[in-house]
Amino acid sequence: MTPSPEDKEGFFAPFELGARELASLVGGGGKTTLLRTLGRFLSRRGTVLLTTTTKMASDALPPLFLEDGTAPEDAAARIRAELSCLPHPLILAARRPMRDGDREKLEGFPPEAVARLWEAGAADFVICEADGARQKPLKAWADWEPPVPSQTTLLCAVLGADRLDEPLTEEHVHRMALMTERFGLRPGDILTPERLAALLESPLGYLKNAPPTGRRLVLLNRSDRLAPARRDALTRGFLPRLARALRSWDLLILGSLRALRLDGVLPLERGR
């Protein structure tokens, strides 16, 4: 069953999206799904540019390729012109196609280039996939990651809810060795609310390269993969414990992007 526009409206209501946003998506466990779903939703409100500061899988949308060295004003004008010709004002822009092993991907722009496109008014909404996790729900960050644009107005940290209160494994953590080195978490350790809060609050974790301004939300995605009893247990126990331990975020959500269902929404008091 395809979710209706009303489902999307309800799912994204807690995001409190303004008339213009530069949303940067980090973490793992649903970033590309969020990029596409949020993009389609916002295209009902205004023009939307989807892009990345890393590399991303080819999308159903035909990409617009922008050459290196193009002035931000010229690139923004080209994007606006392309958007004006589309029945739905949604476009995907990248630098070039590339091969990543046996997969075809799109190479994105440096974060400062995305910030300049935003400032030049390329679209009302710019949604940027600013991280890569090899399709795993959790990750540890290399020194150069994540490349988050400095003008970000909404930072979305995405994690796989199906790993909450579960043992960490190589299968589910991108760069498990680095997770051990930087955060002391080893294979077999349970991802408790307190351990997840430490990752979310760390300047080497989900706050790495986060702009000091702008809103911040945590989306614990993939709740549709959980049995009802386990989902209820997370909503009643894990979420409140995690919320009490967070100091640097504005909103905590447990839900499913695939089903567009919210199972728990907890506003947070940032800086308390």
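Residues Leu220 and Leu252 have side chains in contact (heavy-atom distance under 4.5 Å, counting atoms from C-beta outward). Inter-residue side-chain proximity for Arg95 and Pro110 is flagged as met; some heavy-atom pair is nearer than 4.5 Å.
A donor-acceptor contact shorter than 3.5 Å is absent between the side chain of Thr52 and the backbone of Cys128. Side chain of Glu194 to main chain of Ala245: no donor-acceptor pair is present (N/O by atom type, distance under 3.5 Å, no hydrogens or angles). With hydrogens and angles ignored, the 3.5 Å screen pairs a side-chain donor or acceptor of Arg80 with a backbone N or O of Gly121. Looking only at distances, no side-chain donor or acceptor of Ser202 sits under 3.5 Å from a matching main-chain atom of Ala198. In this structure, Arg20 contributes its side chain and Trp118 its backbone to a donor-acceptor pair below 3.5 Å. Of the possible polar contacts, one joining the Thr51 side chain to the Ala93 backbone as a donor-acceptor pair under 3.5 Å is found.
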Check step by step if side-chain contact (heavy atoms from CB on, under 4.5 Å) holds for Arg40 and Leu90. CA-CA 7 Å; Arg40 288 192 294 269; Leu90 175 67; 4.1 Å; yes
Chi angles and distances behind the side-chain contact (heavy atoms from CB on, under 4.5 Å) call for Leu199, Arg195: CA-CA 7 Å; Leu199 292 174; Arg195 284 172 169 160; over 6 Å; no
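Here the CG-CH2 distance, from Leu155 to Trp249, works out to 5.0 Å after rounding to the nearest 0.5 Å. Atoms CG and CD, from Asp250 and Glu16 in turn, are 9.0 Å apart once rounded to the nearest 0.5 Å. In this structure, CZ in Arg45 is found 10.0 Å from CZ in Phe12, a value given to the nearest 0.5 Å. Residue Leu164 holds its CG atom at 8.0 Å from CG of Leu242, rounded to the nearest 0.5 Å.
Under a 4.0 Å N-O distance rule, the pair Glu145/Arg175 qualifies as a salt bridge.
Each of Lys139, Lys31, Lys208, Lys136 was evaluated against Asp131; a single residue qualifies, Lys139, per the salt bridge (Lys or Arg N to Asp or Glu O under 4.0 Å) test. Applying side chain to side chain contact (heavy atoms under 4.5 Å, CB included) to Arg258 and the options Asp224, Thr33, Asn221 leaves one that passes, Asp224.
Nearest heavy-atom pair, Val48 versus Ser43, reported as atom, atom and distance to 0.1 Å: CG2-N, 3.5 Å.
Other residues, nucleotides and ligands contribute over 12 non-hydrogen atoms within 6.0 Å of the CD atom of Glu104. Dense packing is recorded around CZ of Arg99, with more than 12 heavy atoms of other residues, nucleotides or ligands lying under 6.0 Å away.
In this structure, Phe15 and Phe11 have tilted ring planes: the angle between them lies in the 30° to 60° band.
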